[in-house]
Asker: 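Encoded as structure tokens, here's the structure I'll be asking about.
Counting from 1, the numbers follow the sequence of the chain as shown. Atoms within each ligand, like the ligands themselves, are counted from 1 in listed order.
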Amino acid sequence: MINIAIDGPSGAGKSTIAKKIAEKLGITYLDTGAMYRTVALYAVSSGKNPSSQEEVVPLLENIKISYEKVGGENRIFLNGKDVSEDIRMHNISKCASEVSKIPEVRAFLVEKQREIAKNNDVVLDGRDITSHVLPDTKYKFYLTATAEERANRRFKELSDKGQNVSYETILADIKDRDYNDMNRKVSPLVKTPDSIEIDSTNMTLDEVADAIMEHIKAIKEQCNTLTVYKNASVQDLRKEAKEFNIDANKVIKKKTKKKGGFYRFIAAIVRKAMGIIWPTKIYFKDNFPKNTKAIVVCNHYTALDPCVIISKLLGKDGKVLMKDEIMKNHVVAKVATELGCIPVKRGEADLSAVKSILGALAKNQPVLIFPEGTRNKSGSKEMLPLKQGVATFALKAKAPIVPLLYYKKTGPFKRNILIVGAPFYLDEYYDQKPNAVKEEVTEVIRDKMCRLRAELDILVEKCGGSKKKYFKYVKEHGKEIYGNERNGCKE
Ligand code: DC
């Protein structure tokens, strides 16, 4: 699949260019900004405040976004209604920027975007495509222009459509949205180091499109050169990839994966079996990010806990920390490695495990850690004190944290429930020394897990496991859940 990612601030010409590139290559175009606008439009027309997490999140389950080509043009539909024009209203731009700050909205839309990119050759434009939605793609562009030039273009576009908004208002709004988009906590707009930057201030659309096409051609050629080296050693491939400044992991993975086929086959069976041994209903599975680094934290009751997560959530690239005792048997060790286990020596600083964890995160792989460090044998809802290692990893790798919670302690073949919380970042701590803030960050993680516990208890105990009832409950008792109380979790 070819996935071309174009990020940049509002009004830089991304959608026009992305459309052109898609046309030239004969592939699909996906305007991810239109998705955020659609959610904003739904919130506004439902009389809700687009900046309010409590008001917007419950709406998500009622939103169906689809696309259709009408007269050769891509149209976007909200619950079956063509909203392609409505979402371009000036007031919706600001509201889209507001809803895009809400982690649940992002998780909801990112999931859809990745699904489309997985199955189609596609050009995507947005704010977080290169950094978050498709960090592995080789085709990354950052398209920008001065705020004044972008305001000029928007002013002309709106005037042509008969919308009367002054240049000054547009310029102020553009600056405001730039600030919002670049400074929000979740997936802010950034230029990733591997993106090619194009400043379109003094360029025509055709010049920008031609420049991007040239780069695409060059990247394609580089990749082909690399894949020719089928018999090259892994070291040679790495060297070559470094020279071309592209991610060699995919090419190398293909080579190394050829070995150990037998154990991989057994691991695939074990992975399936793990999902069957413990029939677990997973709520909010969509929150689980795909194809990206993440530290997955979960409460820990029994040895079965990793099974469901390995089988149903982590994917083949996922890693799990395990006691190194399981590696004593040669066959078990091989299968466990194929399942993504990273052995950890307990009770000592295991540098090799630390290296493996940071290495996996650097390769955009999710890592599952049980932050309590040991099983909660009493089976209480209250978690044991958290170890501080998770905080250190999250800060060092600048990785989002995905909280998971099992509802209770059960056993093999007994039904259980698992909830996936919205991923969160710790950006406000990234420029501080991990050692200085790890205690505080551990508290933040614990707090998020406690809130998730509160939500899970409500879902199960007050709403009988019905998501519909749960959303209704959230609407009526929002504060009770999202307030500052540590629901369901005592210190
Ligand atoms: O590209 P646009 O102006 O149509 O996007 C509308 C808003 O949606 C914008 O303020 C930022 C947000 N957005 C985002 O956060 N992530 C994306 N991938 C695309 C848009």
Side-chain angles (χ1 to χ4, degrees), residues 3-19 29-44 50-51 53 56 63 65 67 74-76 78 83-117 122-135 137 140-145 147 150-151 153-155 157-158 161 163 165 170-192 195 200 289 292 423 425:
N3 289 163
I4 298 166
I6 306 181
D7 281 332
S10 308
K14 294 186 302 292
S15 32
T16 319
I17 293 297
K19 226 180 278 171
Y29 161 56
L30 184 66
D31 176 354
T32 62
M35 297 170 115
Y36 289 90
R37 286 171 180 268
T38 303
V39 172
L41 178 70
Y42 188 79
V44 172
S51 324
Q53 184 179 30
V56 175
I63 294 179
I65 298 175
Y67 298 88
N74 267 339
R75 311 287 294 179
I76 187 162
L78 166 61
V83 291
S84 314
E85 255 81 58
D86 299 352
I87 57 166
R88 301 286 156 200
M89 297 298 292
H90 185 65
N91 70 319
I92 296 300
S93 303
K94 173 99 183 84
C95 300
S97 187
E98 290 303 324
V99 297
S100 74
K101 288 186 204 161
I102 302 173
E104 289 86 347
V105 172
R106 301 205 72 83
F108 175 73
L109 296 180
V110 167
E111 167 86 33
K112 287 194 194 322
Q113 292 156 12
R114 286 186 181 146
E115 192 61 39
I116 294 171
V122 61
V123 184
L124 298 92
D125 77 312
R127 306 294 189 287
D128 60 341
I129 313 298
T130 55
S131 61
H132 182 62
V133 180
L134 302 170
T137 186
K140 294 185 175 182
F141 297 92
Y142 186 82
L143 187 57
T144 185
R150 289 184 280 132
R153 293 177 189 167
R154 197 65 111 195
F155 176 69
E157 192 186 318
L158 290 177
K161 284 186 190 157
Q163 291 185 40
V165 190
I170 294 175
L171 179 61
D173 283 355
I174 280 202
K175 286 185 175 168
D176 195 34
R177 284 173 62 202
D178 281 358
Y179 182 84
N180 261 346
D181 295 344
M182 290 172 184
N183 292 285
R184 65 166 174 246
K185 285 200 173 146
V186 197
S187 310
L189 168 64
V190 287
K191 178 190 160 312
T192 62
S195 290
S200 73
T292 183
Y425 282 82

Asker: Write out the residue and atom name of the closest protein heavy atom to atom 7 (C) of ligand 1, then the distance separating them to 0.1 Å.
Answerer: Ala96 CB, 3.7 Å

Asker: So for ligand 1, is Ser10 a polar contact partner (N or O within less than 3.5 Å, distance only)?
Answerer: no

Asker: Nearest to atom 8 (O) of ligand 1, what protein heavy atom do you find, and at what distance?
Answerer: Tyr36 CB, 3.5 Å

Asker: Determine, step by step, whether Arg153 and Thr16 satisfy the side chain to side chain donor-acceptor pair (under 3.5 Å) criterion, reporting the C-alpha distance in whole Å, the side-chain angles of both residues, the deciding distance to 0.1 Å, and the verdict.
Answerer: CA-CA 12 Å; Arg153 293 177 189 167; Thr16 319; over 6 Å; no

Asker: I need the nearest protein heavy-atom contact for atom 19 (C) of ligand 1: residue, atom name and distance, please.
Answerer: Thr32 OG1, 3.4 Å

Asker: Return the residue, atom name and 0.1 Å-rounded distance of the protein heavy atom closest to atom 9 (C) of ligand 1.
Answerer: Arg127 NH2, 3.4 Å

Asker: Quick one: pull up CD in Glu98 and CG in Asn180 and give me the separation to the nearest 0.5 Å.
Answerer: 5.0 Å

Asker: Evaluating non-hydrogen atoms only, which member of Val186, Val133, Ile174, Asp181 is closest to atom 10 (O) of ligand 1?
Answerer: Asp181

Asker: I need the nearest protein heavy-atom contact for atom 20 (C) of ligand 1: residue, atom name and distance, please.
Answerer: Gly33 CA, 3.5 Å

Asker: For ligand 1, is there an N or O atom under 3.5 Å from any N or O atom of Asp128?
Answerer: yes

Asker: Test of understanding: given a 4.0 Å heavy-atom threshold, classify the contact between Met35 and ligand 1 as side chain, backbone, both, or neither.
Answerer: neither

Asker: For ligand 1, note which part of Ser100 has a heavy atom under 4.0 Å away: side chain, backbone, both or neither.
Answerer: side chain

Asker: For ligand 1, note which part of Arg184 has a heavy atom under 4.0 Å away: side chain, backbone, both or neither.
Answerer: side chain

Asker: Considering only non-hydrogen protein atoms, determine which one is nearest to atom 4 (O) of ligand 1 and report residue, atom name and distance to 0.1 Å.
Answerer: Arg37 NE, 2.6 Å

Asker: Considering heavy atoms of the protein only, find what lies nearest to atom 16 (N) of ligand 1 and give residue, atom and distance to 0.1 Å.
Answerer: Arg106 NH2, 3.1 Å

Asker: What's the shortest distance from atom 3 (O) of ligand 1 to any protein heavy atom, and which residue and atom give it?
Answerer: Arg177 NH2, 2.6 Å

Asker: Would Arg177 and Ser97 count as having a side-chain donor-acceptor pair, cut-off 3.5 Å?
Answerer: no

Asker: Quick one: list whatever passes side chain to side chain donor-acceptor pair (under 3.5 Å) with Lys161, sequence neighbours left out.
Answerer: none

